[in-house]
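In what follows, a structure is listed as structure tokens, so that the remarks can point back to it.
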Protein chains: 2
Amino acid sequence: MNSPRWLDADEQRAWRAYLRMQGRLTARLNRQLQADSGLSLADYDVLVHLTDREEGRLRPYELQRDLQWEQSRLSHQLTRMQRRGLVRREECADDGRGAYIVITEEGRRAITAAAPGHVETVRGLFFDGLTRDQVTALERLATDVLDRLD
Amino acid sequence: MNSPRWLDADEQRAWRAYLRMQGRLTARLNRQLQADSGLSLADYDVLVHLTDREEGRLRPYELQRDLQWEQSRLSHQLTRMQRRGLVRREECADDGRGAYIVITEEGRRAITAAAPGHVETVRGLFFDGLTRDQVTALERLATDVLDRLD
DNA sequence: GCCATGTAGATGATGTGTCATCTACTGGTG
DNA sequence: CACCAGTAGATGACACATCATCTACATGGC
């Protein structure tokens, strides 16, 4: 195996800065959410997707597709959330293998209570420091990378 | 509490794209590293920092500062790495509380074997899809955000 | 020298993510 | 209808992350 094309100086700096930013940022967001509302980022994402449909319920495979999570990660996550009363599993009449995941009243309360503080934090830690151009450039960059990931 | 300033459409799209990119990207990197060399990204980072000093050893608090990790995360990580023979803990003469973390021969072999494939993957999944301007913009963005995180 | 306070680091409990594997049902083909 | 490949989802084992807490040593003030 011949030696790879290493990263050049610009790329190294960018990569290190990116890794550091993403580590510290998600740690902060997780801590804020956990401390202020007892939810993890994972809980938050699941609940957001459930409340997006006004029925408040989804098949696990739909959630999986939307969140782009591993199947078993989702399954474990739902088990934990069910144990805490945030969601409920219901039978699925159409498909004997399947299930519906339904958000509970408690789940709704939790996400409603958590959202404002979370959004404020995302703003305060991230968007408030960026120009409009940086924001659109970021979206472009992320979608460019995502396109190549499939 | 009055309602927060929500994210506008641009910000929402950027934020979602960013979250999705970072989730999928780190998953891919972790999988590649794990599959090809039996290391996790965490192992990799620790070993890189140890090999950066030619003595191949660091105090845990130095590692912690460099990696910006939680103290107990590092401690657990080092315990696991020690169990697998990648690092060794040594007494610290200067400070009776302290310790040195020393990379082992096996640790050196592991990082040497892992690095080329990892760098190729970072390139292939990330930098190859980006222009030079996007790379410098990313570094700028990440440092801007990091500056506000302290 | 003694004590208070601070710092280095480890540990146990618990929540989270991944992999491998399993069960049960679906839906198409003979 | 019998079979079989595929899909929906759960589970157990294990690695990883976080929080709270603990021990032991360091250091400065008296």
Side-chain angles (χ1 to χ4, degrees), chain A residues 22-46 57-84 86-102, chain B residues 22-46 57-84 86-102:
Chain A
Q22 80 111 326
R24 311 240 296 135
L25 187 58
T26 50
R28 283 285 209 95
L29 293 176
N30 227 323
R31 232 191 312 281
Q32 178 273 327
L33 203 54
Q34 191 66 240
D36 293 358
S37 52
L39 296 179
S40 66
L41 280 176
D43 299 332
Y44 188 89
D45 281 350
V46 169
R57 69 176 197 181
L58 281 171
R59 301 284 302 271
Y61 77 89
E62 296 175 300
L63 260 174
Q64 191 191 336
R65 178 176 28 67
D66 293 356
L67 291 164
Q68 307 244 67
W69 282 9
E70 299 236 338
Q71 184 269 321
S72 85
R73 173 184 178 185
L74 179 61
S75 191
H76 284 299
Q77 177 70 31
L78 292 174
T79 300
R80 291 188 298 261
M81 291 179 74
Q82 183 175 36
R83 198 188 317 135
R84 288 186 292 147
L86 299 170
V87 301
R88 194 164 11 96
R89 287 188 223 249
E90 275 182 8
E91 296 255 320
C92 175
D94 313 352
D95 188 335
R97 302 164 294 184
Y100 278 112
I101 305 300
V102 192
Chain B
Q22 80 110 325
R24 313 239 297 134
L25 188 58
T26 51
R28 283 286 209 94
L29 294 176
N30 229 323
R31 231 190 314 280
Q32 178 273 327
L33 203 55
Q34 192 65 240
D36 293 358
S37 53
L39 296 179
S40 65
L41 281 176
D43 298 331
Y44 188 90
D45 281 349
V46 169
R57 70 176 197 181
L58 281 170
R59 301 284 302 272
Y61 79 90
E62 297 174 301
L63 260 174
Q64 190 193 337
R65 177 175 29 67
D66 293 355
L67 291 164
Q68 307 245 68
W69 282 8
E70 299 236 338
Q71 183 270 320
S72 85
R73 174 184 179 186
L74 179 61
S75 191
H76 284 297
Q77 177 71 30
L78 293 174
T79 300
R80 289 187 299 263
M81 292 179 75
Q82 183 175 38
R83 199 187 316 134
R84 289 186 293 147
L86 299 170
V87 301
R88 194 166 9 98
R89 288 188 222 249
E90 275 183 7
E91 295 255 321
C92 175
D94 312 351
D95 187 334
R97 302 163 295 184
Y100 278 112
I101 305 300
V102 192

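Labels below follow one simple rule: chain letters A, B, ... track the order of the sequence lines, proteins then strands, and each chain is numbered from 1.
Judged by distance alone, with hydrogens and angles left aside, A:Gln71 brings no side-chain donor or acceptor close enough to the base of D:dA8 to form a pair under 3.5 Å. In the interface, the side chain of A:Arg97 is not paired with the base of C:dT26 through any donor and acceptor atom under 3.5 Å apart. You'll find a donor-acceptor pair under 3.5 Å spanning the side chain of A:His76 and the base of D:dG12, going by distance alone.
For the pair A:Leu33 CG and D:dC19 P, the interatomic distance rounds to 13 Å; values are reported in whole Å. Counting to the nearest Å, the P atom of C:dT11 and the CD atom of B:Gln77 are 15 Å from each other. A straight line from CD of B:Gln64 to P of C:dT7 spans 12 Å, rounded to a whole angstrom. If you measure from atom CG of B:Leu74 to atom P of D:dC19, you get 15 Å, rounded to the nearest angstrom. For B:Asp94 and D:dA26, the CG to P distance is 10 Å, given to the nearest whole Å. When rounded to the nearest whole Å, the span between CD of A:Glu90 and P of D:dG9 equals 14 Å. We find that CH2 of A:Trp69 is positioned 14 Å from P of D:dA10, with the value rounded to whole Å. Rounded to whole Å, atom P of D:dT18 lies 12 Å from atom CZ of A:Arg24.
Taking every side-chain heavy atom of B:Arg89 into account, C:dG9 is the closest of D:dA8, D:dG9, C:dG9. Picking from D:dC16, C:dT16, D:dA8 the nucleotide with the shortest atom distance to the side chain of A:Asp95 gives D:dA8. Nearest to the side-chain atoms of A:Ala27 among the listed nucleotides D:dG9, D:dC19, D:dT18 stands D:dT18. Which of D:dA17, C:dT11, D:dT18 sits closest to the side chain of B:Arg80 comes down to D:dA17.
Between B:Tyr61 and B:Asp95 there is no side-chain heavy-atom pair separated by less than 4.5 Å.
Here A:Leu86 contributes atom CG and A:Arg84 contributes atom CZ; the two are 5.0 Å apart, rounded to the nearest 0.5 Å.
When the nearest nucleotides of DNA chain D are assigned to B:Arg73 and A:Tyr100 by heavy-atom distance, the more 5′-ward of the two goes with A:Tyr100. Residue whose closest nucleotide on DNA chain D sits further toward the 5' end, between B:Ala93 and A:Leu78: A:Leu78. Mapped onto DNA chain C by nearest heavy atom, A:Ala42 and B:Ile101 fall at different nucleotides, with B:Ile101 at the one closer to the 5' end.
Phosphate contact (OP1/OP2 of D:dG9, side-chain N/O of A:Arg59, threshold under 4.0 Å): present. Contact annotation: B:Ser40 reaches the phosphate of D:dC16 (side-chain N/O to OP1 or OP2, under 4.0 Å). A close approach under 4.0 Å does occur between a side-chain nitrogen or oxygen of B:Arg31 and OP1 or OP2 of C:dC19.
Looking at A:Arg59, its side chain does come within 3.5 Å of a backbone N or O of A:Ala99 through a donor-acceptor pair.
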| query | Can you list the steps and then say if B:Leu29 with B:Tyr44 is a side chain to side chain contact (heavy atoms under 4.5 Å, CB included)? | reply | CA-CA 11 Å; B:Leu29 294 176; B:Tyr44 188 90; over 6 Å; no
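With hydrogens and angles left out, the side-chain atoms of A:Gln77 and A:Arg80 include a donor and acceptor closer than 3.5 Å. Between the side chains of B:Asn30 and B:Gln34, no donor-acceptor pair of N or O atoms lies under 3.5 Å.
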